Amino acid sequence: MPAITLPDGSVRSFDGPVTGTAIAASIGPGLAKAALAMEVDGRLADLSARIDRDARVRFITRRDPEALELIRHDCAHVLAEAVQALFPGTQVTIGPAIENGFYYDFARNEPFTPEDFPAIEAKMREIVARDSPFVREEWDREEAIRYFLERGERYKAQIIEDLPAGETISVYRQGEWLDLCRGPHMRSTGDVGTAFKLMKVAGAYWRGDHRNQMLSRIYGTAWRDGKELEAYLAMLEEAERRDHRRIGREMDLFHLQEEAVGSVFWHPKGWRLYRTVESYMRRRLDAADYAEVRTPQLVDRRLWEASGHWEKFRENMFLATVEDEAEKHRVLALKPMNCPCHVQIFNERLRSYRELPLRMAEFGSCHRYEPSGALHGIMRVRAFTQDDAHIFCTEAQIAPETARFVELLSTIYRDFGFESFRVKFSDRPARRAGTDAVWDQAEEALKEACRIAGVDYVLNPGEGAFYGPKLEFVLRDAIGRDWQCGTLQVDFVLPERLGAEYVAEDGSRRRPVMLHRAILGSFERFLGILIEQHAGRFPFWLAPVQVVVATIVDDAAPFAREAAAAMARAGLRVEADLRNEKIDRKVKDHIGARVPVLAVIGRREAEQGAVVLRRLPGREQELLPLPEAVARLAAEGTPPDLAAPKAAVAAA
RNA sequence: GCCGACAUAGCUCAGCGGUAGAGCAACUGAUUCGUAAUCAGUAGGCCCCCGGUUCAAAUCCGGGUGUCGGCACCA
């Protein structure tokens, strides 16, 4: 006599075991038609599942968030059937729903190409139109393995073999075709609908392990309806328009070339942007009591052996030698990290507890040999500059330093236009230095610090650095993509390995703890993110070209030059456009170049010593005397960390 | 690094065995114009590199390199 409690609190009793389909029907024909699946005591289940005891039941309709996941998962099954129908001999493996869609990994000698998509999609539409019910069956383990092996489905058989003993083996039929699957599924293939599209093919390792066979993966996207699909495709187009590689070229910020793979050639405008960000960061670090240092690029392997990098990180390091006979034996490495060098400065003389916490910062230029496939524009490169710092402190200072750091990082992200971030806590990786006892200590200290600093995090198991656990700060950009930038890592290992110590209050020698921390991560990566976040239309204080002074007639040129010079003297980044072109053309060009302000000067303005300011890409115009225009723009161009006190003064 | 695709003018791309093309940008000239493309002309190419097939290769084949999309890796 199961009593079913619905989300509105009402209870319905049934005489015996009852399916979701029957419950929905008992509630009303509308729901019976709309229900795709259900949630029983918080767990998603097929509508056809029988409930034989009291339970809370919620029906999932197309409008519910869970529906998308169901649609995508079912769509993956439809894809798999279509592929096996069109390409006999292809083995199926797994096909989960993912963010924005789904994929299915196939084992086939010949990889798929996008040219195969139209045929596959057509077959998928047939399967959806066929509207075959998804029918769940539970099979005996051995029988299931035999069944799949007989059909040459070695991967499926492998999956079953690796399932824990006692796990129910379920398969889902859709017409003639079936797949091993945990479920749940919607009622039938028809519920998938037609708002899906195959997106791309890619290789993917079986079980994500690079030692395994490469499978052929087909990615697709699927939505509730055509409108959602359109919106998603439009978002992808927007992402493409924002691509920092495209904008970098269009705005003449930087380029990359074969002779320096993974290193950026910064052009004047890009470097201006870089310097604006760097100057801002330097002021923020100065204000936060960091001491900036500069350490060598090329360092003898002996230091890397001592630090542990030679053992744990060598495959990522660039090595350098010289021809000179006397020096031939010496192996130098381009530094991949700054920490060992910072410890050298710490160790250079005896340190007192009074100096702690000692915050040592460096805009540290690092080189790492990254796998070729990892390179991506200026976001993933082999030569980059970290906004790196190491805080030498006592264990008791870990928590307050963490709080201080999170505070600094939040305000910096806000200044760059990012309103929120998430935090991940990464604990000990398989490949690591230091004993388990030290790791216990470090992880505990960092958790405690989060508690005290009020930082909420999600656990990211096994992803820590080789020397310590870390917090990772993840930004979300304007179109919803996540970027990991900041990091804070607790390190008990390196001070030990490199023999760092200080004299404590009682005169004894103690080991400091090192906190490795970065806010932007690397300038290259962060500037890429910044470009995409703002689609190249930077806030005024960051724009590489803030103002273009544009003339309407040649007669206005002398005053335009004067105006541009006055702006430059006020610290503005300004260019003059004196070309013999119509003003319409100049407006269009500078909108295209993402210039934030156009200062237009015609004959009238030249005569009265004024400019017309137009905020691009907007249309409003404002006529101002030159000195006022300069003052106003200069105020607007003041970086946020310098502007704040000024505003406070004005308010007082 | 692995799988796949791609590489032609500064940019975006067409050409796919028979003399290398377009649009935009650039340059020159005319025009002096009031807020999202003025007109005319000129110039611009080791068709990524190295081999091979062919009477003939940008085009077909092999090998490199790089880029792009994933995977793996990661700031």
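We name chains A, B, ... by the order of the sequence lines, and we start the count at 1 in each one. Everything numeric here is computed off the predicted structure, so don't read it as measured data.
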* Structure fact -> Reading nucleotides 67-75 of chain B from 5' to 3' and marking B where a protein heavy atom lies under 4.0 Å of the base, S where only the sugar-phosphate is that close, and - otherwise, the string is SSBBBBBBB
* Asked: Once each nucleotide of nucleotides 34-40 of chain B is scored for protein heavy atoms under 4.0 Å, what B/S/- sequence comes out, 5' to 3'?
  -> BBBBB--
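Both distances falling under 3.5 Å, in either a Watson-Crick or a G-U wobble arrangement, occur for no nucleotide opposite B:A58. The partner of B:C47, taking Watson-Crick or G-U wobble pairs whose two distances both stay under 3.5 Å, does not exist in any strand shown. With both pairing distances under 3.5 Å, B:A40 is matched to B:U28 as a Watson-Crick or G-U wobble pair. With a cut-off of 3.5 Å on both pairing distances, the Watson-Crick or G-U wobble partner of B:C6 is B:G66. Across all strands shown, B:G1 forms a Watson-Crick or G-U wobble pair with B:C71, both key distances being under 3.5 Å. Pairing for B:G17 is absent, with no Watson-Crick or G-U wobble pair whose two atom distances lie under 3.5 Å. With both pairing distances under 3.5 Å, B:G23 is matched to B:C11 as a Watson-Crick or G-U wobble pair. Nucleotide B:C33 is matched to nothing when pairs are restricted to Watson-Crick or G-U wobble geometry with both distances under 3.5 angstrom.
Enclosure of atom CZ in A:R241 by more than 12 non-hydrogen atoms of other residues, nucleotides or ligands within 6.0 angstrom is indicated.
With respect to the salt-bridge test (charged N to carboxylate O, under 4.0 angstrom), the residues A:D209 and A:R211 qualify. Remark: A:R242 engages A:E238 in a salt bridge, criterion side-chain N to carboxylate O under 4.0 Å. Classification of A:D589 and A:R585 as a salt-bridged pair holds, one side-chain N sitting under 4.0 Å from a carboxylate O. A salt bridge does not link A:K582 to A:D584: none of the charged side-chain nitrogens sits closer than 4.0 Å to a carboxylate oxygen. The existence of a salt bridge linking A:R284 and A:D387 is excluded, since no basic side-chain nitrogen approaches an acidic carboxylate oxygen closer than 4.0 Å.
Taking atom C1' on both B:C68 and B:G17, the two are 29 Å apart, rounded to the nearest angstrom. Comparing the C1' positions of B:C46 and B:U42 gives an interatomic distance of 24 Å, to the nearest angstrom. Across B:U59 and B:U53, the matching P atoms stand 15 Å from one another, rounded to whole Å. Taking atom P on both nucleotides, B:A58 is separated from B:C47 by 8 Å, rounded to a whole Å. On the P atoms, B:C24 is 14 Å away from B:A37, given to the nearest whole Å. Rounded to the nearest Å, the gap between the C1' atom of B:G21 and that of B:G45 is 11 Å. For the C1' atoms, the distance linking B:G1 with B:C73 amounts to 9 Å, nearest Å. Spacing of C1' atoms, B:A57 relative to B:G4, comes out at 26 Å, to the nearest Å.
Between the side chain of A:K586 and the backbone N or O of A:D577 there is at least one donor-acceptor pair closer than 3.5 Å.
Here the straight-line distance linking atom CZ of A:R603 with atom CG of A:D554 works out to 9.5 Å at 0.5 Å rounding. Taking CZ from A:F473 and CG from A:L409, the interatomic distance works out to 5.5 Å, rounded to the nearest 0.5 Å.
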Can you give me the N/O atom pairs linking the protein to nucleotides 7-15 of chain B at distances under 3.5 Å, or say none if there are none?
residue	atom	partner	partner atom	Å
B:C11	O3'	A:R249	NE	3.4
B:U12	OP1	A:R249	NH2	2.9

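Outside the 6.0 Å centre-distance limit, the rings of A:F106 and A:F87 are not counted as a close aromatic pair. Ring pair A:F254/A:Y274: centre-to-centre distance not below 6.0 Å. With ring centers used as reference points, A:Y104 lies 6.0 Å or more from A:F102.
The nearest whole Å value for the distance from the CD atom in A:E259 to the P atom in B:C48 is 15 Å.
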